[in-house]
2 protein chains.
Amino acid sequence: MAYLERELGTQFGGRNSPGAGAGVADPKAYASFASFGGKTSKYDGHSVIYFEGDAARRLYELSSGTVMLFKLLPDGRRQVVEVLRPGDIFGFSAADEYDCTAETLISSEIHELDLRLVDGSAELQRKLTKCLTNQMKVLHEHAVLLGRKSAVERVASFLMYLVPGRGGTECVGPADETNDGFDIELHMTRQEIADYLGLTIETVSRVVSDLKRRGIIRVDRADRIHLHKVCSLCQMTGFH
Amino acid sequence: MAYLERELGTQFGGRNSPGAGAGVADPKAYASFASFGGKTSKYDGHSVIYFEGDAARRLYELSSGTVMLFKLLPDGRRQVVEVLRPGDIFGFSAADEYDCTAETLISSEIHELDLRLVDGSAELQRKLTKCLTNQMKVLHEHAVLLGRKSAVERVASFLMYLVPGRGGTECVGPADETNDGFDIELHMTRQEIADYLGLTIETVSRVVSDLKRRGIIRVDRADRIHLHKVCSLCQMTGFH
DNA sequence: CGACACATTGAATTTTGTCAAGACCTGTGG
DNA sequence: CCACAGGTCTTGACAAAATTCAATGTGTCG
């Protein structure tokens, strides 16, 4: 939202995303949540921050680490609806209950802010609007993935999502044709990936094995993958 | 359309939030967009309001009618990502381009507002935050549908969305056991429904025929359906 | 009436899921 | 250092679900 970016970008300094690695988060020049009060907590990996159905009292900003939001059906089927990165805000609630469970994927620092503070600040409102708009765009793309993409396209899209500046519709291709590799860390188990992509764990595993067999990726550890040919992978996302 | 417009004006509290007062889709809960300036236009059914990729210059509020937002893959696959109702706002953009195409399903009245006017009003910001939060919740539920539900569950969920105050996780059941019927108008072709539910037109048609055969619904016209037993249908949504 | 778009149905095919082993990795304790 | 226990992950065979392709119906509008 250009009109928001202008203001926020100038009024507050950009903030370096903590946590090295993925660097996937596009540079979001948000004002830090901290300037509005509240407190920061440290969570271990796989800790629940709140459960779907809990009374919504706080808003959260992910300072470092990774958080997923998911919903469960009564029979145990799970859908991971968002995977959040540093700078993202979560805990929005249309009713007075959280509509998803929030759980860390890896150890994370999270800043919390009482919901009652939100109405007061126009700055904060603008920040929220911008963040929500961005998340909405991601959700739209994810709906395409879930509704219309094959298993291979889903996994390829997922991997490409972890390569900064590549994989979108507007991807420009490799900067250097001869050296189009990249290392990524998933920070997610096969089960979490499957629940995010709307597949089963076995299907995810099979697709990964297949990409390996075809020489497109190398699996160093289950959650650490080297992409030999980013561009080939990009061709498999359904965007081209 | 008659029933929907009536209901929406009075009690319909958002596509999927039974009562609850979340009520974002209730036009009366907020100052109309009109009080912030801009103009209202009338669109015929199946008119494009803007295309994915167009420069994002305006925000829109649906006053009456129905609008869908969809995305296309290069090979023609389409995913309808949102179906909007009166009171909903659309045209948000995280970058400076619209990320979806917006098209009316039926003839609609739409109020437009220049994006530059948005910064000025704190009240408008609040309205946007509220509306975005609600749409996000709907998108989360839709992700569950697309990622984890069977064809029957998807169609049942879709039909239940159109019954005010029923079909959510917390659905209370029929007010009157002996008379649990309801008439709905879809305002969508089979193709649009299929693209919304992540299915093919044939699968949607087969599921509808099957529900008909089992005496759960009656198809008066392709887009006008009587639900004989709302509660039975509700049992098929995957929420129970 | 006839043309056209939309919807339905059936049969064959493809994709993904299910179930059941088996392999691998990692940390623990002998 | 090795064995092994308990996860997680991978693989294979089979089943189920949904898609594809090809007719066939149905309704609307000139």
Side-chain angles (χ1 to χ4, degrees), chain A residues 45-46 73 75-80 105-106 145-159 185-214 216-225 236 238, chain B residues 44-46 73 75-80 103 105-106 144-159 184-214 216-225 236 238:
Chain A
H46 296 280
L73 290 173
D75 63 0
R77 282 175 287 179
R78 180 173 77 160
Q79 179 64 44
V80 174
L105 288 172
I106 55 175
L145 180 147
L146 293 173
R148 287 294 176 227
K149 289 191 180 180
S150 71
V152 173
E153 288 170 335
R154 292 182 203 202
V155 172
S157 301
F158 172 70
L159 295 176
E185 282 217 42
L186 311 183
H187 303 311
M188 294 171 83
T189 64
R190 292 288 183 273
Q191 186 64 66
E192 286 158 354
I193 296 168
D195 287 348
Y196 183 46
L197 301 182
L199 300 168
T200 60
I201 194 173
E202 292 94 335
T203 299
V204 171
S205 190
R206 270 185 256 273
V207 171
V208 168
S209 297
D210 198 53
L211 292 174
K212 197 166 52 178
R213 218 169 290 124
R214 291 159 68 181
I216 292 164
I217 65 174
R218 180 185 71 228
V219 180
D220 295 330
R221 271 195 347 251
D223 73 333
R224 175 159 194 87
I225 291 180
M236 305 171 75
Chain B
D44 287 338
H46 295 279
L73 290 175
D75 63 359
R77 284 176 285 179
R78 180 174 75 162
Q79 179 65 43
V80 174
E103 186 179 317
L105 288 172
I106 56 174
V144 174
L145 180 147
L146 293 173
R148 287 296 177 224
K149 289 191 179 179
S150 69
V152 173
E153 289 170 334
R154 292 182 202 201
V155 173
S157 301
F158 172 71
L159 295 176
I184 58 181
E185 283 215 45
L186 312 183
H187 305 311
M188 294 171 85
T189 65
R190 292 286 182 275
Q191 186 63 66
E192 285 157 354
I193 296 168
D195 288 346
Y196 184 45
L197 301 181
L199 300 169
T200 58
I201 193 174
E202 293 95 334
T203 300
V204 171
S205 190
R206 272 185 254 274
V207 170
V208 168
S209 297
D210 196 54
L211 292 174
K212 195 165 56 178
R213 220 168 289 123
R214 293 158 66 180
I216 292 165
I217 65 174
R218 182 186 68 230
V219 180
D220 295 331
R221 269 192 353 247
D223 73 334
R224 175 159 192 87
I225 291 180
M236 307 172 73

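For clarity, every value in this text was computed on a predicted model and none was experimentally measured. Residue numbering restarts at 1 for every chain, and letters A, B, ... go by the order of the sequence lines.
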key: Rounded interatomic separation in angstrom, taking CG from Asp220(A) and C1' from dC25(C)   = 14 Å

task = Kindly indicate whether the side chain of Glu202(A) and the base of dC9(D) share any N or O donor-acceptor pair separated by less than 3.5 Å?
result = no

message = Is the shortest side-chain heavy-atom distance between Ile225(A) and Lys212(A) below 4.5 Å?
response = no

key: Nearest-nucleotide pick for Ser205(B), side chain only, options being dC9(D), dA7(C), dG17(C)   = dA7(C)

request  = Would you indicate which nucleotide in dA7(C), dT11(D), dT16(C) comes nearest to any side-chain atom of Ala151(A)?
outcome  = dT16(C)

query = Closest to the Ala222(B) side chain: dA7(C), dC9(D), dT9(C)?
reply = dA7(C)

inquiry  = What is the separation between atom CG on Leu105(B) and atom P on dC6(C), rounded to the nearest whole Å?
reply    = 14 Å

ask   = Can you check the His187(A) NE2 to dT8(D) C1' distance for me, whole Å?
value = 18 Å

ask   = Where the side chain of Arg224(A) meets the backbone of His187(A), is there a donor-acceptor pair that is under 3.5 Å apart?
value = no

key: CD on Gln191(A) to CZ on Arg78(A), rounded to 0.5 Å   = 6.0 Å

note = When rounded to whole Å, the CG to C1' distance for the pair Leu146(B) and dA17(D) reads 16 Å

note = To the nearest angstrom, the CG-C1' distance between Asp195(B) and dC6(C) comes to 14 Å

message = Using whole Å, what does the distance between atom P of nucleotide dT15(C) and atom CG of Asp210(A) come to?
response = 12 Å

message = Does dT8(C) have its OP1 or OP2 closer than 4.0 Å to a side-chain nitrogen or oxygen of Arg206(B)?
response = no

note = Leu199(B) CG to dT8(C) C1', in whole Å, measures 16 Å

remark   = Assert: residue with more 5' nearest nucleotide on DNA chain C, out of Lys149(A) and Arg221(A), is Lys149(A)

query = Does OP1 or OP2 of dA17(D) have a side-chain N or O of Ser150(B) closer than 4.0 Å?
reply = no

query = Base, sugar-phosphate, or nothing: which does Ser209(A) touch, judged by heavy atoms less than 4.0 Å apart?
reply = sugar-phosphate

request  = May I ask you to say whether Asp210(B) pairs ionically with Arg214(B), meaning some side-chain N is under 4.0 Å from a carboxylate O?
outcome  = yes

ask   = Where is the tightest heavy-atom contact between Val152(A) and Val207(A), given as atom of each residue plus distance?
value = CA-CG1, 4.0 Å

request  = Look at Thr200(B) and dA18(D) and indicate whether a side-chain polar atom (N or O) is within less than 4.0 Å of OP1 or OP2.
outcome  = no

query = For DNA chain D, whose closest nucleotide is more 5', that of Arg148(A) or that of Met188(A)?
reply = Met188(A)

inquiry  = What is the separation between atom CZ on Arg190(B) and atom C1' on dT8(C), rounded to the nearest whole Å?
reply    = 9 Å

